[in-house]
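I have placed the structure first, in the form of structure tokens, so that the comments after it can refer back to it.
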Amino acid sequence: MSNKKIFLSLGQQSGFEQEYVQKALDENWITSGGPNVDDFENKLENYLGQESFVAALNSGTSAIHLALILLGVGTGDEVICQSMTFSATANPVLYQGAIPVFIDSESDTWNICPEILEIAIKDRIKKGKKPKAIITVHLYGVPYKVDEIHAIADRYQIPIIEDSAEALGSTYKGKKCGTFGTFGIFSFNGNKIITTSSGGVLISNSEKTKKEIIFYSTQSKDEAVHYQHSKIGYNYRMSNVCAGIGLGQMKILDKKIASRREMHDFYKSIFKDIESVKLFEVLNEEYFSNYWLSAILIEPNDKINRENLRAAFENANIESRPLWKPMHLQPVFDKYPYYGGVIAEELFEKGLCLPSGANIKEEDRNRIKRVISNFFK
Ligand SMILES: *Cc1c(COP(=O)(O)O)cnc(C)c1O
């Protein structure tokens, strides 16, 4: 029996990537921007629906950064941010010299809590500063309470940047994640649903804004025969070679989502009879998750806890990982305001992400299953 390492989230090729990458090389479009980039943007625009305008960039992080810049976030401004997330959600706030204000999760979706969000907005306004933006996250592909959160943001007229890095293909009430906010982003980092090796997109709702994003991402060159700049520029455009990989990946996007969801079903069947474990699932049929990563909460007792199970997996050469450590607990962010209780903290203490890649085979599943049954025996 093979003991090859089983990874949390590996990429998987469609076989078409080579063709598009070769085309870029053959045509000497070894550049940032180019025909593959335009095609990739079009494919995503078709996928997301008519009112979405997609600008391809070199990472999800740069997409969040440019969204903040386009919203005019600058030194000393406040930006509300879901605490339970990866650091790339919050880092761009600091790039702008702005102040992140972190919000706890609620236990239904593990995402930003509507009640606490409103309390925080009111309190920040009372303290003299209305937040300039809200960054929301669809954690591990599970949509947040979109209607409630956006109603609150609308009431106070604060724009939302929807960090949909993990949620390509997820929907809420049939509408695709990444299309709800003033801006939405996806990441195509190597471990995400689809990859361009490294890359991301910033989604807006007008052609004009898309052009502006491309302007900033290509060094903010004014119209002139010489190099003329009236705005700070960034080198954030997607490479035409990388976009070729993305075009190949788009061909199997649906298949990739289906296999992530199959992994989730697999865990569902394993954990249904284990009382101390709760599998992370959508609240009801209004939510559809790509289940980018399957995650569980383990109720600890004197014999079992999250860390024991992680170690048992490690001993069997299987990768698993604690949930994101909340931002308000991170040394780099812990001096910034935080609103809420201990929901995110508890999720972090009890939560574990399990192998969820599209490449996990039957024999790998058997190995995973064996570790779990031995552990909970
Ligand atoms: C991956 C990820 C990002 C960053 O995307 P990159 O393309 O790696 O820069 C941002 N937010 C979340 C929630 C992510 O998971």
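We count ligands from 1, going down the list as the structure has it; atoms in each ligand are counted the same way. Side chains included, hydrogens not; waters and symmetry mates left out as well; all remaining heavy atoms used.
- With respect to atom 11 (N) of ligand 1, the closest heavy atom belonging to the protein is Asp163 OD2, 2.7 Å.
- Ranking protein heavy atoms by distance to atom 2 (C) of ligand 1, first place goes to Lys192 NZ, 2.7 Å.
- Placement of Val142 and Leu293 within a single hydrophobic cluster is found when ILVMFWY residues are connected by side-chain heavy-atom separations under 4.5 Å, directly or transitively.
- The shortest contact between atom 9 (O) of ligand 1 and any protein heavy atom is with Thr61 OG1, 2.5 Å.
- Here Phe186 contributes atom CZ and Lys192 contributes atom NZ; the two are 12.0 Å apart, rounded to the nearest 0.5 Å.
- Under a 4.0 angstrom heavy-atom cut-off, Gly199 registers as being in contact with ligand 1.
- Listed by atom number, the atoms of ligand 1 under 4.0 Å from Thr85 heavy atoms are 13 (C).
- Residue-to-ligand polar distances place Gly60 within reach of ligand 1: an N/O pair is separated by less than 3.5 Å.
- Glu299 has no carboxylate O lying under 4.0 Å from a charged side-chain N of Lys278, or vice versa, which leaves the two without a salt bridge.
- Those atoms of ligand 1 with a heavy atom of Ser59 less than 4.0 angstrom away are 7 (O), 9 (O).
- Scanning all protein heavy atoms for the shortest distance to atom 15 (O) of ligand 1 gives Glu166 OE2, 2.5 Å.
- Ring-plane geometry between Phe102 and Tyr336 is classed as perpendicular, the angle between the planes exceeding 60 degrees on a 0 to 90 degree scale with a lower cut at 30.
- Remark: Lys175 qualifies as a cation-pi partner of Phe180 under the 6.0 Å distance and 45° angle criteria applied to the six-membered ring.
- Relative to the six-membered ring of Phe266, Arg365 meets both conditions, a distance below 6.0 Å and an angle of at most 45° to the axis.
- Note on Lys145 versus Glu286: no salt bridge recorded, every NZ/NE/NH1/NH2 to OD/OE distance being 4.0 Å or above.
- Listed by number with element, the atoms of ligand 1 under 4.0 Å from a non-hydrogen atom of Ala88 are 3 (C), 4 (C), 10 (C).
- Residue contacts with ligand 1: Ser187 is placed with a nitrogen or oxygen under 3.5 Å of a nitrogen or oxygen of the ligand (distance criterion only).
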